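Each remark here refers to the structure printed beneath this line.
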Amino acid sequence: MNLRTYIQILTLFSGLSLMSIGGGNTVLPEMHLKAVNDYNWMADSQFADIFAISQAAPGPSILIVTLVGYKAGLGAVPAEWAQVGGVAGAILATAAMMIPAGILVYLVARVWESAKESSFRKAVEKGFAPLTVGLVLASAYVMSRTADHDWRAYLLTGVCTLIFVFTKVNPLVVVGVAGVLGWLGVV
Amino acid sequence: MSESATVQGSGGGATGGKVSLLTLALAFNHIAVASFGGGLSAWSREVVVVQKKWMTDEEFLSAVTMCRILPGANQVNLAVFVGNKMAGVPGALAAIVGLTFVPVLIVLAMGYGYFTFHHVPALQDILRGAAAAAVALTFAMAIKTGKKCLGGPMPVVLFAAIFLLNGVLRWHLLPCLALLAPVSLLWGWPRGQKRKS
């Protein structure tokens, strides 16, 4: 077994975890550089493909690290143990990407909870609310430009928005129906 | 008196009371799995604020922005934040596990297929439709939360400015906040006595 690969997985992703200010996607270029050029875990096109796979899967988009760790682990052990080595690499990479940043959030959250009455907290809760709404609208806008390819997709987004705002229909039903429409080739 | 046996869940307002780890893990699993077309933030609000009433909108929105400023994947950070609020460190861990366990299994299954059979699973059509609806859920979140906190000219200016900078001009988050956060904090700072005007 090539222990060095696992140490590289651990150090790379725990480092990226603390560097990813503004979200996981900000460190994608650095991750690409290390995984493809420095460590030769995979080819350039494979990195692009697993990025697409991780975006398609549910859950946090940062799960591309699971697949990078998986591929690195596949090559770190004898061939008959490849899947075991791959899954070990996947779990190690995922944990390394989440835990350091998670500890930082935990520390901030503790201070936050103990500062319920502070003026600063009140200022943040009141003052940041409009900024957050603006950022949410910005991400909806940016997402719509990549997700909606033609007028039918925009129409679907528009109709779904109206349903979400004006009715109490379970959103999952709406997303499911939209998925079926996509499957049928309507959008 | 037998009123001590409080039922968890839909009490009025935001409850900071104890929630079982399983409840937390299942709630975040629900968020993760429901978001198969994207829109994780909107799903988080749908579950944490609307269904479970664990946080108020104000509390949730400030947590979202803090989790974006801090390093780490935004949604994982939010799980830590909410989990810790509801049940301390075990709660944070339960929320992370809930958020990632099923998605990791799915992504691994897809990765196994990809690296073994060399082709990307053909889910593109379903996802195209689901993504259009997930975008809609995010738009709806902006509309619903905006209705609550965009009263008055100053919030509208802050809202419009960061939307333009981050969404249209595609500035990174940090310069946007460096410019606008001081203004919004100054505006939001509680004043000793109400001004008459």
Side-chain angles (χ1 to χ4, degrees), chain A residues 17-18 20-24 49 53-54 56-60 62-63 66-67 70 90 98 101-102 104-106 109 119 122-138 140-144 147-148 153 156-157 160-161 164-165 171-172 174-175 178-179 181-183 187, chain B residues 32-37 46 58 61-62 64-65 70-77 80-81 84 92 103-104 106-108 110-111 120 123 125-133 135-143 145-146 149-150 155 158-159 162-163 166-167 173 180 184-185 187-190:
Chain A
S17 174
L18 291 175
S20 56
I21 294 171
D49 284 344
I53 293 173
S54 70
I62 197 58
L63 292 186
T66 308
L67 290 177
Y70 173 71
M98 293 185 192
L104 197 61
V105 173
Y106 166 72
S119 296
K122 285 181 181 147
V124 169
E125 290 202 337
K126 186 178 172 199
F128 274 21
L131 292 183
T132 307
V133 177
L135 288 172
V136 170
L137 186 67
Y141 173 73
V142 172
M143 277 161 62
S144 74
D148 296 341
L156 181 60
T157 297
C160 290
T161 304
F164 290 138
V165 172
L172 200 49
V174 179
V175 178
L181 289 178
W183 182 59
V187 289
Chain B
V33 174
S35 72
F36 63 91
E46 205 63 44
E58 263 194 341
L61 290 177
S62 62
V64 166
T65 296
L70 292 169
N74 304 330
Q75 302 307 324
V76 179
N77 288 355
V80 172
F81 197 99
N84 174 60
V104 163
I106 294 174
V107 99
L108 270 179
M110 289 163 82
V120 182
L123 289 165
D125 292 337
I126 296 178
L127 286 169
R128 201 166 44 236
V135 171
L137 192 61
T138 310
F139 273 121
M141 174 181 173
I143 294 170
T145 55
C149 68
L150 295 183
L158 289 169
F159 155 82
I162 204 157
F163 169 70
N166 185 253
L173 179 66
L180 294 171
S184 65
L185 285 179
W187 170 74
W189 204 269

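The chains referred to below are lettered A, B, ... by the order of the sequence lines, with proteins before strands, and numbering in each begins at 1. On a predicted model such as this, the values are computed, not experimentally measured, just so you know.
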For Ile143(B), which atoms come within 4.5 Å of any heavy atom of chain A: side chain, backbone, both, or neither? side chain

Side chains of Val105(A) and Asn84(B): does their closest heavy-atom pair fall under 4.5 Å? no

Got a second to check how far Tyr141(A)'s OH is from Thr138(B)'s OG1, nearest 0.5 Å? 15.5 Å

Please flag which part of Tyr70(A) lies under 4.5 Å from any non-hydrogen atom of chain B: side chain, backbone, both or neither. side chain

Per-residue tally against chain A (heavy atom, under 4.5 Å) across Ala142(B), Ala92(B), Ser35(B) peaks at Ala142(B)

Heavy-atom proximity to chain A below 4.5 Å, by part of Ala34(B): both

Working to the nearest 0.5 Å, report the span between CG of Leu185(B) and OG of Ser119(A). 11.5 Å

Any idea which of Ala109(A), Gly134(A), Ser144(A) has the most non-hydrogen atom pairs under 4.5 angstrom with chain B? Gly134(A)

Roughly how far, to the nearest 0.5 Å, is the CD1 atom of Ile106(B) from the OG atom of Ser54(A)? 13.0 Å

Check against side-chain contact (heavy atoms from CB on, under 4.5 Å), Leu173(B) and Leu135(A): CA-CA 9 Å; Leu173(B) 179 66; Leu135(A) 288 172; 3.7 Å; yes

Sorted by chain and residue number, the side chain to side chain contact (heavy atoms under 4.5 Å, CB included) partners of Ala136(B) (sequence neighbours excluded) come out as Thr157(A), Cys160(A), Thr161(A), Phe164(A)

Portion of Val107(B) that has a non-hydrogen atom of chain A nearer than 4.5 angstrom: both

Neighbour count above 12 (heavy atom, 6.0 Å) for Trp183(A) CH2: no

Here the pair of heavy atoms bringing Gly167(B) nearest to Val142(A) is O-CG2, 3.8 Å

Answer key: most heavy-atom pairs under 4.5 Å with chain B among Ala57(A), Ala101(A), Ala123(A) is Ala123(A)

What's the separation between atom CG in Leu137(A) and atom CZ in Phe139(B), rounded to the nearest 0.5 Å? 6.0 Å

Side chain, backbone, both or neither of Leu158(B) within contact of chain A (heavy atoms, under 4.5 Å): both

Given side chains that start at C-beta, do those of Leu131(A) and Thr65(B) come closer than 4.5 Å, heavy atoms only? no

How many angstroms lie between OG1 in Thr132(A) and CE in Met141(B), if you round to the nearest 0.5 Å? 8.0 Å

Looking at Pro58(A) and Pro103(B), what are the two nearest heavy atoms and their distance? O-CB, 3.3 Å

Test of understanding: with salt bridge (charged side-chain N to carboxylate O under 4.0 Å, His left out), list the residues that count as partners of Glu58(B), not counting sequence neighbours. none

Heavy-atom pairs under 4.5 Å with chain B - which of Gly179(A), Gly59(A), Ala129(A) has more of them than the others? Gly179(A)

Could you have a look at Leu108(B), Leu137(B), Leu180(B) and say which one has the most heavy-atom pairs with chain A under 4.5 angstrom? Leu137(B)

Under 4.5 Å heavy-atom distance to chain A, tell me which part of Val104(B) shows up: side chain, backbone, both or neither. both

